[in-house]
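Proteins come first, then strands; the chains are lettered A, B, ... in the order of their sequence lines, and each starts at number 1.
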Amino acid sequence: MLHKLFRSICCSCSTPSPLQIHSAPSFSSSIQHLEEKIAFLIRKCPDMRALRQIHGHLLRNPFICPFPSLTFALSKVLGFCALSSSGDISYAGRLFDVIPQPNVFSWNSMIRGYSQAQNQSMAPIKLYKRMLCSGCAIPNSYTIAFVLKACSNGSAYAEGRQVHSHAYRYGLDSSSFVQTGLMNFYAKCEEIASARAVFDGIHGKNLVAWSAMISGYARIGMANESLGLFREMQEVGLSPDEVTMVSVISACAKAGALGLGRWIHSFVKRKGITADLVLSTALIDMYSKCGLIKKAKEVFDEMVDMDTMAWSTMIVGFATHGLVEDALNLFSRMIESKVKPNQVTFLGVLSACAHSGLVSHGRRFWSAMQDSGIPPRWNITAAWSTSSVEPASSTKRSPSPAGCPSTQTS
DNA sequence: GTAGGGTTAG
């Protein structure tokens, strides 16, 4: 089926003759047509099995897919393997290693793919270093944003600062995606003053920039600053969305600001902001932490689809309030609903058992937890290299501006 | 000329 489809697509895009190649508009149009077809085919690709067939066709029939279309096609194949939920990052890695001169799209797909993959915390930054050293592709705003995300996830502060200076040197620091990436990176590394410096330097801040800063303050418990910025955002005429509201609700939860939290909840309703899964979970947490467990349960009961985090938040809430029976009953309902518990869920039920001296129940949950493959302890280690990351050549600008770190590591 | 940023539980 796929074979036939591929054949028909490729046959409909005839290989340009030498005459056509000299006739630039015709050649260019033919190439573009072929690339559109290949992109379509990969976009519709259901799984790795089909993707491997497409990849095989490309390699076996280079005459129907000449350079530069082969480069384009391979970067599309790579993008699917590295980024799609039905992709395969190890296949992407093997493919990437045999591409002679990967283009910037391929580098970016791999950097982003490794950032999203489990147990690959070192890989994105190593790859970024390889990209800079290779000198065959210049980072763009996508590269910088993806690497910054990887640095945020891995709390790789030294590397992130270097990436900041690279953003400046390559003239990419005016990209809104890079700016948001920088704010998030600094906020996640608890360098909130640096995050704020980036935020203050943005001209024409959009909703994402405001939300990122509000979230940065909320995350480290600076509730007043978070809520103050939320007010300021509205004063400049920007309307918050559900993502902004989640951070604001989280700030109320951390501050134990029930009055404000209730006002925010009514604000969400009044403005018609969708109380999606994440926002509802944030509300449950806020009401629970502010002592209003009944209201938390009301929000939970109104939810249609609950994930592990929503169930766990409610279970932990009950446990914290000493409502042991409610916590254990909810855990049973969660299992009946076929939602998989995680370490936080078990922490909730075990803490409920501890509060009420239910030793035998506790032992059963302890065994069930280990049977589920959840170890009693887990470590999240940021195994990042602290070695220097330097571009191979070509700096666009120097020296660094105020607030932008030097590229040299001490 | 392929693609992207801000959100929740311990």
*Asks:* Considering only B:dA3, B:dG5, B:dG1, which nucleotide approaches the side chain of A:Ser176 most closely?
*Replies:* B:dG5
*Asks:* With hydrogens left out and only the distance checked, is there a donor-acceptor pair under 3.5 Å joining A:Asp285's side chain and the base of B:dA9?
*Replies:* no
*Asks:* Using a cut-off of strictly less than 4.0 Å, decide whether A:Lys205 has a side-chain nitrogen or oxygen near OP1 or OP2 of B:dG6.
*Replies:* no
*Asks:* How would you label the contact of A:Ser247 with the nucleic acid (heavy atoms, under 4.0 Å): base, sugar-phosphate, or nothing?
*Replies:* sugar-phosphate
*Asks:* Which one, B:dA9, B:dA3, B:dT7, comes nearest to the side chain of A:Val243?
*Replies:* B:dT7
*Asks:* Not counting sequence neighbours, which residues clear side chain to side chain donor-acceptor pair (under 3.5 Å) with A:Glu232? List them please.
*Replies:* none
*Asks:* Is the phosphate of B:dG6 approached by A:Ser215 (side-chain N or O, under 4.0 Å from OP1 or OP2)?
*Replies:* no
*Asks:* If the cut-off is 4.0 Å, is A:Asn184 near the phosphate of B:dG6, judged by side-chain N/O to OP1 or OP2?
*Replies:* yes
*Asks:* If you compare every side-chain N and O of A:Arg219 against the phosphate oxygens of B:dG6 (OP1, OP2), does one of them come in below 4.0 Å?
*Replies:* no
*Asks:* Less than 3.5 Å apart, which donor and acceptor atoms pair up between the side chains of residues 351-359 of chain A and the rest of the protein, not counting sequence neighbours?
*Replies:*
residue	atom	partner	partner atom	Å
A:Ser356	OG	A:Ala352	O	3.2

*Asks:* Hey, can you pull the donor-acceptor pairs under 3.5 Å for the side chains in residues 196-206 of chain A, sequence neighbours left out?
*Replies:*
residue	atom	partner	partner atom	Å
A:Arg196	NE	A:Asp200	OD1	3.0
A:Arg196	NE	A:Asp200	OD2	3.4
A:Arg196	NH1	A:Tyr217	OH	3.1
A:Lys205	NZ	A:Ile202	O	3.2
A:Asn206	OD1	A:Val208	N	3.2
A:Asn206	OD1	A:Ala209	N	2.9

*Asks:* Which residues, if any, of residues 326-333 of chain A bring a heavy atom under 4.0 Å of DNA chain B?
*Replies:* none
*Asks:* With the side chain of A:Phe146 defined as its heavy atoms from C-beta on, choose the nearest nucleotide among B:dG6, B:dT8, B:dA3.
*Replies:* B:dA3
*Asks:* What pairs meet the side-chain hydrogen bond (donor to acceptor under 3.5 Å, both in side chains) rule with one or both residues in residues 279-288 of chain A, with sequence neighbours excluded?
*Replies:* A:His265-A:Tyr287, A:Asp285-A:Lys289
*Asks:* Among all residues two or more places apart in sequence or in another chain, which pass the side chain to side chain donor-acceptor pair (under 3.5 Å) test with A:Ser312?
*Replies:* A:Thr345
*Asks:* Which residue pairs pass the salt bridge (charged side-chain N to carboxylate O under 4.0 Å, His left out) test when at least one of the two sits in residues 88-116 of chain A, sequence neighbours left out?
*Replies:* A:Asp97-A:Arg130
*Asks:* Looking at residues at least two apart in the chain, or sitting in another chain, which of them share a side chain to side chain donor-acceptor pair (under 3.5 Å) with A:Asp301?
*Replies:* A:Lys297
*Asks:* Check every strand shown and say whether A:Ala39 touches a base, only sugar-phosphate, or nothing at a heavy-atom separation below 4.0 Å.
*Replies:* nothing
*Asks:* Roughly, in whole Å, what's the span from CZ in A:Phe40 to P in B:dG1?
*Replies:* 23 Å
*Asks:* Going by the rule side chain to side chain contact (heavy atoms under 4.5 Å, CB included), which residues pair with A:Glu190 if we only count those two or more places apart in sequence or in a different chain?
*Replies:* A:Ile220
*Asks:* Does the ring of A:Tyr142 lie flat against the base of B:dA3, closer than 5.5 Å centre to centre with planes under 30°?
*Replies:* yes
*Asks:* Is it true that A:Phe331 and A:Trp311 have ring centroids separated by less than 6.0 Å?
*Replies:* no
*Asks:* At a heavy-atom distance below 4.0 Å, what parts of residues 350-359 of chain A sit against DNA chain B?
*Replies:* none
*Asks:* Check side chain to side chain donor-acceptor pair (under 3.5 Å) between A:Thr143 and all other residues, then give those that pass, not counting sequence neighbours.
*Replies:* A:Asn108, A:Asn140
*Asks:* Using heavy atoms and a sub-4.0 Å distance, could you list which residues of residues 301-323 of chain A are near DNA chain B? By number, please.
*Replies:* A:Met309, A:Ser312, A:Thr313, A:Val316
*Asks:* Which of these passes side chain to side chain contact (heavy atoms under 4.5 Å, CB included) with A:Trp107: A:Phe96, A:Tyr142, A:Tyr128?
*Replies:* A:Phe96
*Asks:* Quick one: is B:dA3 close enough that its OP1 or OP2 comes under 4.0 Å of any side-chain N or O from A:Arg112?
*Replies:* no
*Asks:* Please give, in whole Å, the distance from B:dT8 P to A:Leu283 CG?
*Replies:* 13 Å
